[in-house]
Every structure is written in C-alpha cells, then in structure tokens.
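See structure below.
Computed over heavy atoms, backbone and side chain alike; hydrogens, waters and symmetry mates excluded. Note that ligands are numbered from 1 as they come in the structure, with each ligand's atoms numbered from 1 the same way.
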Amino acid sequence: MSLKRQAETEDSLVFASEEGEDLSTDAACWTVLVVDDEPDVYAATCLALRGVEVLGRPLRFLHAESGEEAFALLSHAPDVAVILLDVVMESESAGLDLVARIRGELGMHKPRIILRTGQPGYAPEMQAIRDYDINDYRIKSELTRTRLYTVLTAALRSYQTLEAVETNRADLEYLLNAQNELLAANTMPAFALGVLERLAGLFGMPVNAVFCSDARRFHDVDENRRRVVAALGRYVDWSWRRLDSLGDGPEVEAIELAFATRRTVFANCGIAAFLPSRTGSEAVAFVAGQADSDVHDPRVFDMFVQNTTVAADGVRLVERLRDAAYVDGLTRLPNRSALAETIDTVLRALPEAPQRLLLIDIDQFSEINETFGDRIGDALLRGVAQRLETQAGSIVRVARVANDTFAAFGPRDALVPGEWAKSLDEPFDVEGLEIGLSVSFGGVEIRGDCVSGGEAIKMGYSALKRAKQTGHRSVAFYSHEVATEIKERTRLLHGLRSAFDQQRLFLMYQPQVDARTGRTLGLEALMRWRSDDGRLVPPDRFIPIAEQSGLIKDLGAWAMRTAIHRAASLRAAGQSLRMAVNVSMSQLLVPEFEVMVAEALAEGGLPAELLEIEITESVAMQSPDIVLPKLAALKALGVCVAIDDFGTGYSSLSSLEKLSPDRLKIDRSFVMGLDAEQNTGGIAEMIIDLGRTLGLSVIAEGVETATQRQKLVDLGCHELQGYLFSPPLALESLPDWLERHGEGFPL
Ligand code: C2E
Ligand code: CA
Ligand code: CA
C-alpha cells in the first residue's frame with residue numbers, strides 16, 4: 001500500500017500515517033495527491049515544495065503509482081485538495097480515465113486536478129478539460145519549483161472557495177432541517193434542548209451547553225425568572241436552576257453579557273447566542289468551546305438565530321395552550337390531566353417502586369365558600385395549595401384535580417395521611433379572617449403493573465367517596481371491596497331512580513298496638529321497592545343511597561303524601577289510626593319541609609295529631625340548631641314526634657328536654673335482650689323510666705315473642721310493634737287484618 005511506502009521513503013514533507021488510521025481529517029494542512037508511475041517524479045515534487053506554506057497552511061503529500069491505486073486511495077481520503085496527475089501511466093488514457101472516475105464514480109467535485117505529461121503530444125482535448133473540471137494542464141519540464149508553487153496556489157484557492165460554498169450549503173440545509181425539527185417540539189425545554197444540540201452541531205462543538213430563558217415552573221405562583229430551561233453535557237446539574245443562583249463563572253458571565261447587550265457573545269469559554277423574541281421572552285443559548293469560525297459564514301449563524309426566534313415564539317404559543325390544558329389557573333398547580341401524565345411517566349420509569357396517590361378533599365368547602373364568598377374561598381384554596389406544596393418537598397407531586405380536591409403523588413413513605421392532615425391543621429389567615437378546615441383522604445397504592453394515571457385517579461375518587469360516607473376527617477384506601485361496593489351502589493341508585501319514576505315503590509304498614517290490650521293505635525309506614533327481577537330490596541339498603549344522592553327528598557315527600565292519604569281514607573272508613581312516617585335528616589333539611597307536610601295534611605284532610613314523624617336519635621342529636629326549629633314548626637302544626645332507635649344514640653337529658661318529643665321508640669336490639677336472661681334488658685327499662693320521668697310515651701319495636709311483650713308490659717311500656725302482632729302489611733291486606741285483630745291481642 002502506498003501509504004506505507006511513503007513512510008518508508010522518510011520524506012520530511014510527508015505526514016506519515018499508520019495503515020488503518022483515518023486519512024480524512026487534518027484540517028490544518030492541504031493534502032496533495034501525486035499520481036505518477038515514476039517514483040522519482042513524486043520525490044522531486046516533494047523536494048521542490050519542501051517547507052512551503054500555501055494560503056497559510058503547510059502541505060501534506062500522498063502518492064499513488066497507478067490510476068487504480070489512486071482511485072482506491074481517494075475513496076478513503078475525501079479531503080484531498082489537489083491532485084497532480086500523470087496523464088500516461090499503465091495506459092495512454094489512464095490519467096483521463098481516472099479523472100472520469102473521480103468526478104463520476106466517486107462524485108468528488110471539489111479536488112482540483114492538474115494534469116502533467118511528459119510529452120506535449122499527449123495533451124487532452126479542450127472538451128475533456130471542461131467536462132472533467134480540470135484546472136490546469138502542464139508539461140512536466142515546465143513545472144519548475146516556482147511554477148509548481150503558483151499553479152498549486154491557484155488550485156488551492158479555488159479549492160478553498162468550493163469548500164466554503166459547500167460548507168455553507170450544508171449549513172443552510174442543516175439549518176432548514178433544524179428549524180423544522182424545532183418547530184415540532186411542543187414544550188420549551190424540548191425546544192431548548194433542540195436548539196443547543198443544533199447550535200453545537202452547526203459549529204462542530206461537543207455538546208456542553210445551557211439554554212436560559214424566562215420561565216416559571218408549576219409551583220412558582222407569580223415569579224417569572226431567568227432559568228436554565230435545558231442543559232447538556234457537563235452542565236446538566238444546572239437544569240431548572242435560576243440564573244442568579246449559578247455563581248459568576250465565565251459561562252454565566254457570557255450569558256449575562258449576552259442578555260445585557262442583546263447580542264451574541266463570543267467568549268473564550270464558548271458562544272452565548274442571544275435569541276430575541278417578538279413575544280417578549282428572550283433567551284440565551286450558550287455552547288461551551290471554541291468554534292471554528294473561519295469555516296462558517298457569519299450570515300449562517302445570524303440566520304440560525306432568526307429561525308430559532310421564530311420557532312421559539314411558536315413553541316411558546318403552543319406551550320401556553322398546553323399550559324392552559326395542564327395547569328390549574330387558580331393555584332398554578334398541575335391539574336388532573338397533568339397529574340395523570342405524571343403518574344404514567346413515573347410508572348414507566350419506576351414500575352417497581354411502591355407509590356401512593358392521595359386525594360385530599362376539603363370537608364364542607366362549599367359551606368365555607370357560601371359563607372365567605374368566592375374571593376375568600378379562592379384565597380383559601382391557594383393557601384391550601386401552598387401548604388401542600390411545602391409538605392410535598394421535592395419528591396412528591398401535588399396537583400389540584402377538582403374544585404376543592406387536591407392530590408399528592410409520590411413514594412408511599414412520604415404520603416402518610418396523618419402527616420398531611422397536620423400540615424393543614426393551623427387555621428388559615430385569609431384577609432384577616434381566621435378560617436380552619438379539615439380534610440378527608442382517598443388513598444390508592446400504585447404499582448406499575450396494574451394501573452394508568454387516569455385509572456389511579458378514579459380509584460382515588462372511589463376511596464374518597466368511601467371516606468366521605470364515613471364523615472369528616474376520614475381516610476379510606478382503595479380496595480376491590482370498595483370498588484365493588486361503589487359500583488353496586490351506583491347500579492342501585494339508577495334502579496331506584498327509575499323505579500321511583502315508574503311508580504314501582506310502595507308502602508307497607510305495620511301496626512303499633514297498646515301494650516296491655518293489643519288494640520291497634522297506629523301504623524308505621526315502611527317503604528318497599530320491588531326491583532325489576534321481582535326481588536324486594538330492603539330499605540336499609542336503598543334508603544342510605546337515596547339519602548346520599550338527595551333522591552330521598554322526592555322519595556320522602558311521596559311517602560309522606562301517600563301515608564297521609566292512606567290514614568285519611570282509613571279514618572273515613574271509621575278507623576282513626578295514627579300514622580307514623582320515617583323522616584331522614586336530608587328531608588328535614590329541605591327548606592320548606594314543614595310547609596310540604598302542612599299541605600299534605602290539608603290535602604288529605606287528616607288532623608295533624610294523627611300524623612307522627614319518626615326521626616332517629618342520631619339525627620335528632622346531630623345538629624340541634626337545625627333540627628330543633630324544624631321540630632318546633634312541626635309541633636306547632638300539631639304533628640307528633642317520635643325518637644326512633646332510641647338508646648343507640650347519645651342524647652343528653654337536657655337536649656331531650658329541648659326536643660320535647662311525644663314518644664321514645666326503644667330500639668329493637670334492646671327488645672331482643674329481654675328474651676334471654678341478659679342484662680341488655682336493662683336499657684329498655686332505663687328508657688321506660690326516662691319516659692316516665694319526662695312524661696313521654698314509650699313504644700318498643702321488634703317485639704317478636706310473648707316473653708318480650710310480658711316483660712315490657714311489666715316494665716310499664718305503653719305501646720308495642722313487631723312480628724308478634726304483625727309484620728308490615730300490604731295495603732290490600734290491611735282492612736282484613738284490622739277487621740280481625742284491630743280490637744286487640746289478649747295477653
Ligand atoms: P325502622 O324505622 O327502625 O323500621 C323498623 C324496621 O323493623 C322495619 O324494617 C320493620 O319491617 C322491622 N321490624 C318490625 N317488626 C319487626 C320484628 O318483630 N322483628 C324484626 N326483625 N324486624 C321488625 P324495614 O321496613 O326493613 O325498614 C328498615 C329501615 O328503613 C327503617 O327502620 C327506617 O329507618 C328505614 N325506612 C323505612 N321506610 C322509610 C321511609 O319511608 N322513610 C325513611 N326515611 N326511612 C324509611
Ligand atoms: Ca321507624
Ligand atoms: Ca327503629
């Protein structure tokens with residue numbers, strides 16, 4: 001191989017190169033290929049040009065002894081600038097054949113070619129010189145040292161021009177591609193990374209670079225600061241840091257100078273390219289290292305900056321749109337969609353790590369909002385967001401997923417509900433108001449194999465719903481049971497709603513009798529629902545669902561009207577019986593509940609004394625401020641009030657006096673205790689005593705055995721209700737039953 005031979009010739013002008021080493025890169029000198037089958041010509045050429053510099057660069061010589069050898073060499077050495085080519089070698093046309101292959105087969109258009117021949121007779125046609133882009137044609141004897149130098153200089157100058165044109169063409173092409181790629185980025189950080197990579201590529205520098213711009217992260221509520229939006233290579237640690245926190249190294253100095261002068265700064269440590277913006281958010285891209293500025297036309301760089309600016313404005317616009325889709329405007333926290341994506345990303349990156357999602361819901365926020373107004377409510381939400389952010393630190397992501405529902409997502413150990421609740425314990429100071437609040441949690445344990453972000457949030461909602469069913473300050477974690485329960489409830493609610501619309505609900509009536517004589521004194525109306533498949537759904541199952549959904553208001557009003565209507569017709573038929581109707585808390589809370597009752601009584605033509613309202617002890621005691629006035633209004637109408645399930649709640653004597661009900665209803669569980677020789681019977685006794693003290697009537701429910709009846713009679717209980725006398729009766733069987741048993745059950 002010729003290269004080896006060059007090394008062997010020990011010619012000082014030859015930059016010896018080991019076989020296999022890359023021939024293509026030595027920008028510091030001009031490579032000249034001498035193609036000649038006479039080694040002496042090569043040696044003479046080298047000698048003649050020894051130590052010579054052309055256009056500021058030394059020469060480097062390569063030698064080939066045949067067209068074949070030259071062709072092989074050129075296909076590995078693309079930076080050959082000038083070829084000194086012998087026309088006649090192995091054949092008379094070997095030289096011109098080689099030229100044709102260089103230009104055609106190898107597609108090398110830059111190398112300048114100087115043909116040399118021993119005799120003038122071998123001169124090629126003008127046509128060939130033009131077609132093959134041959135620079136010069138000389139007879140070897142003409143090429144004296146000076147002559148050779150002149151010819152070579154001219155060839156090299158034209159080579160240099162061609163090279164510059166080609167570089168700029170490549171730069172332009174690169175630039176156009178870069179712009180297209182940059183426009184495809186849809187976030188500022190992605191765009192910034194693209195700019196850095198392309199800028200480094202343009203100058204052929206390794207990618208140690210930073211991109212600074214005005215930017216705010218999710219949790220910066222109102223700050224817009226210069227930050228490192230993207231960083232590469234040795235600067236990666238600078239990512240997202242504020243420019244003013246990076247010290248005063250030469251890079252920072254260059255970047256700051258670029259911002260201050262609004263111009264690109266070529267510093268020793270690198271280039272800080274100033275990127276103006278039409279939308280006001282300018283940037284500086286800094287790339288470390290020395291650019292080979294001779295090679296590149298400065299206009300190309302200007303064009304890069306301009307294109308980048310246009311692209312940046314586009315990206316900012318896209319980002320702002322994205323921002324609107326992913327950031328909650330009120331708190332600047334990520335919103336539900338952003339949270340879902342974050343969870344997805346984390347799950348992809350760390351599928352094995354135990355993660356947790358907590359949904360954090362403010363208890364009774366709507367009441368707070370109604371009381372203080374939206375402005376205070378909003379400020380409160382921002383306050384909550386801030387506290388949650390502080391609690392989150394750097395490893396937990398906080399989001400606002402709905403009006404008063406926040407979320408925290410991160411490693412399980414960092415998401416203990418108790419600790420998060422504590423962070424909100426201190427009252428908030430909002431415009432001088434001190435507002436305290438409590439929260440409930442719905443938690444989900446997340447492992448990569450089972451969920452997506454969207455699903456995880458839904459599961460969180462299920463758990464939260466469960467927690468809210470329990471009351472304030474509660475915590476519930478998602479489980480399959482919770483999911484099934486919630487699904488079942490939803491299914492039931494739909495069924496109940498349509499059953500109500502289609503009038504497939506009905507009432508049954510259970511007699512309430514005088515404890516001693518067994519004579520029927522009243523009836524309790526009990527709601528029934530026969531579902532599509534003919535099964536009776538127990539009210540213990542559907543009433544709570546109706547209560548949570550608010551459907552109870554309609555259901556209750558219907559039951560009230562129907563029961564009153566029934567009592568009125570019984571009375572018309574000569575049976576003056578009291579009608580007891582169960583009323584739940586949410587019914588009682590309907591603003592004009594007492595008006596509805598009064599209207600129903602008037603419509604049915606039933607004396608108010610024949611209507612009894614049963615409210616459970618827990619309802620009666622829960623919010624006395626709401627319940628007391630309601631009951632007072634009902635009592636003013638003449639309606640009776642019974643406290644249902646008595647003994648299971650926590651009535652104090654004083655509150656019971658304030659409620660001043662007409663009747664206490666001993667819960668079935670205490671009646672059951674009367675059968676066995678157990679002490680639970682003692683509670684029934686206490687209630688009966690209490691009734692006597694307060695002058696209230698007492699009724700026992702769930703009486704199933706004669707023993708129970710006997711004991712209750714002995715204790716002085718006034719009335720009884722239960723299977724011993726009758727189960728709840730359908731409307732049709734009621735007249736017949738009353739006919740046979742209405743007058744009494746002998747002891
Ligand atoms: P409650 O008010 O305590 O009603 C008494 C329940 O005990 C009724 O169950 C009744 O059928 C049952 N019962 C009566 N005697 C006996 C007995 O001797 N042994 C046994 N084991 N049970 C007996 P039901 O009808 O299933 O009603 C359950 C609950 O559903 C009621 O408890 C009440 O809280 C609620 N509810 C029923 N109808 C209505 C209504 O129209 N409105 C409201 N708000 N709640 C209702
Ligand atoms: Ca009842
Ligand atoms: Ca009861």
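Residue M527 holds its CE atom at 4.5 Å from CD1 of I543, rounded to the nearest 0.5 Å. Annotation: the span from L523 atom CG to Q510 atom CD amounts to 9.5 Å, rounded to 0.5 Å.
With 3.0 Å as the limit, E614 counts as an N, O or S neighbour of the Ca ion (ligand 2). Residue contact annotation: T616 places no N/O/S atom under 3.0 Å from the Ca ion (ligand 2). The Ca ion (ligand 2) lies under 3.0 Å from an N, O or S atom belonging to E524.
Close N/O approach between D644 and ligand 1 is found [any backbone or side-chain N/O within under 3.5 Å]. Close N/O approach between Q721 and ligand 1 is not found [any backbone or side-chain N/O within under 3.5 Å].
Ion pair E612/R578 flagged as a salt bridge, since at least one NZ, NE, NH1 or NH2 atom sits closer than 4.0 Å to an Asp/Glu carboxylate oxygen. For D736 and R740, the salt-bridge test passes: some basic side-chain N is under 4.0 Å from an acidic carboxylate O. The pair K468-D361 counts as a salt bridge, with a side-chain nitrogen and a carboxylate oxygen less than 4.0 angstrom apart.
Between the choices R541, Q510, Q587, the shortest heavy-atom distance to atom 15 (N) of ligand 1 belongs to Q510. Nearest-heavy-atom check against atom 4 (O) of ligand 1 across L526, V583, D540 picks out L526. Considering each of P539, A525, P538, G722, the one bringing a non-hydrogen atom nearest atom 24 (P) of ligand 1 is P539. For atom 33 (C) of ligand 1, the nearest non-hydrogen atom from the set N582, V671, I543 belongs to N582.
For ligand 1 and R668, the ligand atoms under 4.0 Å from any heavy atom of the residue are 19 (N), 20 (C), 21 (N), 22 (N). Using a 4.0 Å cut-off to heavy atoms of E701, the atoms of ligand 1 that qualify are 3 (O), 5 (C). Near D645, meaning under 4.0 Å from one of its heavy atoms, ligand 1 places the atoms 3 (O). Less than 4.0 angstrom separates some heavy atom of E704 from each of these atoms of ligand 1: 17 (C), 18 (O), 19 (N), 20 (C), 21 (N).
At a heavy-atom distance under 4.0 Å, only side-chain atoms of E524, from C-beta outward, approach ligand 1. Within the 4.0 Å heavy-atom criterion, the part of R528 lying near ligand 1 is the side chain and not the backbone. With a 4.0 Å cut-off on non-hydrogen atoms, L507 does not touch ligand 1 at all. Contact annotation: for V703 versus ligand 1, heavy atoms closer than 4.0 Å belong to the backbone alone.
Between S584 and ligand 1 there is a heavy-atom distance shorter than 4.0 Å.
Ring geometry for W737 against H741 counts as tilted: the plane angle lies between 30° and 60°, on a 0 to 90° scale.
In summary, of the residues considered (R519, R516, R709, R663), a salt bridge (Lys or Arg N to Asp or Glu O under 4.0 Å) with E719 occurs for R663 alone. Under the side-chain contact (heavy atoms from CB on, under 4.5 Å) test applied with F646, the options D667, T616, L690 reduce to a single match, L690.
Between the side chain of Q512 and the backbone N or O of E524 there is no donor-acceptor pair closer than 3.5 Å. Judged purely by atom type and a 3.5 angstrom limit, K465 has no side-chain atom pairing as donor or acceptor with the backbone of G442.
With contacts defined as side-chain heavy-atom distances shorter than 4.5 Å, the pair T405/Y461 qualifies.
Nearest N, O or S atom of D644 to the Ca ion (ligand 2): atom OD2.
Around CZ of R692, the count of heavy atoms belonging to other residues, nucleotides or ligands within 6.0 Å exceeds 12.
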